[in-house]
Amino acid sequence: MILILLGPPGAGKGTQALRLSEGRDLFQLSTGDMLRQAIKAGTPLGEKVRGQMDAGQLVSDGIVIGIIADCMEEKDCSGGFILDGFPRTLAQAEALDRMLEEKDCRIGAVIEMQVNDEELAKRITGRFTCVECNIGYHDQFKPPRQEGVCDECGGTEFVRREDDKEETVAARLKAYHEQTEPLLPYYRAQGILLPVDGMAGIDDVTRQMNEVLDAVKTD
Ligand code: AMP
């Protein structure tokens with residue numbers, strides 16, 4: 001199945017995409033992760049997008065559409081995948097439709113993670129990840145079992161995202177409301193939008209997602 005996770009920054013798309021990809025044996029494509037890797041590796045692409053990402057703005061449609069097009073070239077999409085953080089504009093959604101049409105594939109479901117802005121700001125500003133295995137934590141909602149030690153790999157080095165600073169969060173939420181929210185009616189009109197309550201706890205959100213996905217008919 002081709003699955004899209006749609007929701008504001010901080011809704012938990014990355015966390016849930018990882019769980020669903022493991023549970024359903026789908027690979028996860030995260031444009032945010034790919035762009036951060038490019039910045040870390042110091043590639044020309046990374047240099048190009050760093051300023052916009054640090055400011056909480058979306059990078060250009062051409063760049064992210066290019067990234068996804070390259071992934072689709074490399075991978076066989078027939079086994080299915082999860083898109084986390086793409087599409088984020090109507091132009092991206094339309095480009096994705098065209099790419100899938102060429103491959104005779106189609107989107108199985110778009111999960112909308114519903115969370116209010118106040119909660120998002122709290123979630124985002126407390127986030128950090130393990131440098132070694134990239135697993136996400138949160139100061140308040142999901143601290144490691146042993147302070148300073150990653151539950152998954154035992155790593156002891158953690159990072160906080162540059163764009164998770166309080167002052168940048170408002171810009172990211174604005175970009176979501178203005179540029180990404182129009183995708184909700186776009187997918188609703190196609191009958192593939194499945195809302196879940198993203199305010200629930202992490203396990204409960206996973207359960208809701210599995211429930212709505214199990215009800216989707218695949219052919
Ligand atoms: P994320 O990790 O999904 O929150 O993305 C982090 C940042 O990467 C965003 O604030 C944007 O600057 C950039 N980004 C990721 N995906 C996209 C996309 N589909 N379109 C435009 N910018 C994106």
Side-chain angles (χ1 to χ4, degrees), residues 2-21 27-41 43-72 81-100 107 110-113 115 117 119-131 134-138 158-184 186-187 198:
I2 296 172
L3 182 61
I4 294 175
L5 293 194
L6 203 57
K13 295 187 295 294
T15 304
Q16 298 297 339
L18 182 65
R19 288 175 165 215
L20 290 176
S21 68
F27 62 84
Q28 179 188 356
L29 287 177
S30 159
T31 39
D33 281 349
M34 290 186 261
L35 293 168
R36 276 186 291 279
Q37 273 159 20
I39 291 178
K40 202 169 158 192
T43 66
L45 171 72
E47 285 311 310
K48 206 165 165 182
V49 299
R50 182 197 294 271
Q52 281 164 314
M53 285 182 71
D54 287 354
Q57 294 160 358
L58 296 188
V59 309
S60 77
D61 286 334
I63 289 180
V64 283
I65 290 168
I67 292 177
I68 293 294
D70 288 348
C71 292
M72 297 242 193
F81 52 86
I82 301 179
L83 288 168
D84 138 30
F86 181 93
R88 260 177 155 102
T89 64
L90 269 177
Q92 293 176 23
E94 287 162 1
L96 176 65
D97 285 347
R98 285 193 295 274
M99 283 186 249
L100 293 176
I107 300 164
V110 180
I111 296 188
E112 177 199 356
M113 302 179 69
V115 186
D117 281 12
E119 176 73 12
L120 291 169
K122 262 194 274 168
R123 286 189 184 186
I124 294 177
T125 48
R127 300 199 295 198
F128 58 98
T129 50
C130 170
V131 169
N134 207 30
I135 287 284
Y137 292 98
H138 190 282
F158 298 89
V159 280
R160 287 178 195 262
R161 278 170 51 170
E162 195 57 41
D163 61 348
D164 276 353
K165 292 188 183 118
E166 213 169 330
E167 55 272 27
T168 316
V169 170
R172 291 169 64 200
L173 288 174
K174 187 165 179 277
Y176 177 76
H177 291 308
E178 290 179 359
Q179 292 168 273
T180 309
E181 249 172 17
L183 296 185
L184 299 175
Y186 180 78
Y187 288 124

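The residues of the chain are indexed from 1 along the displayed sequence. Order of appearance sets the numbers: ligands from 1, and atoms from 1 within every ligand.
Between Glu94 and Arg98, the closest side-chain pair of non-hydrogen atoms falls below 4.5 Å. Contact annotation: the side chain of Leu5 approaches that of Leu20 to within less than 4.5 Å [non-hydrogen atoms, C-beta and beyond].
Between Phe158 and Phe128, the ring planes are perpendicular. Angles over 60° get that label, and only those under 30° would be called parallel.
Remark: side-chain polar atoms of Thr168 are not paired, donor with acceptor, to backbone N or O of Gly56 under 3.5 angstrom.
Within a 6.0 Å sphere centred on CD of Glu166, heavy atoms belonging to other residues, nucleotides or ligands number 12 at most.
The pair Asp164-Arg172 counts as a salt bridge, with a side-chain nitrogen and a carboxylate oxygen less than 4.0 angstrom apart.
Within 4.0 Å of ligand 1, counting heavy atoms only, the contacting residues are Thr31, Gly32, Leu35, Arg36, Met53, Gln57, Leu58, Val59, Val64, Gly85, Phe86, Arg88, Gln92, Arg161, Asp163, Arg172.
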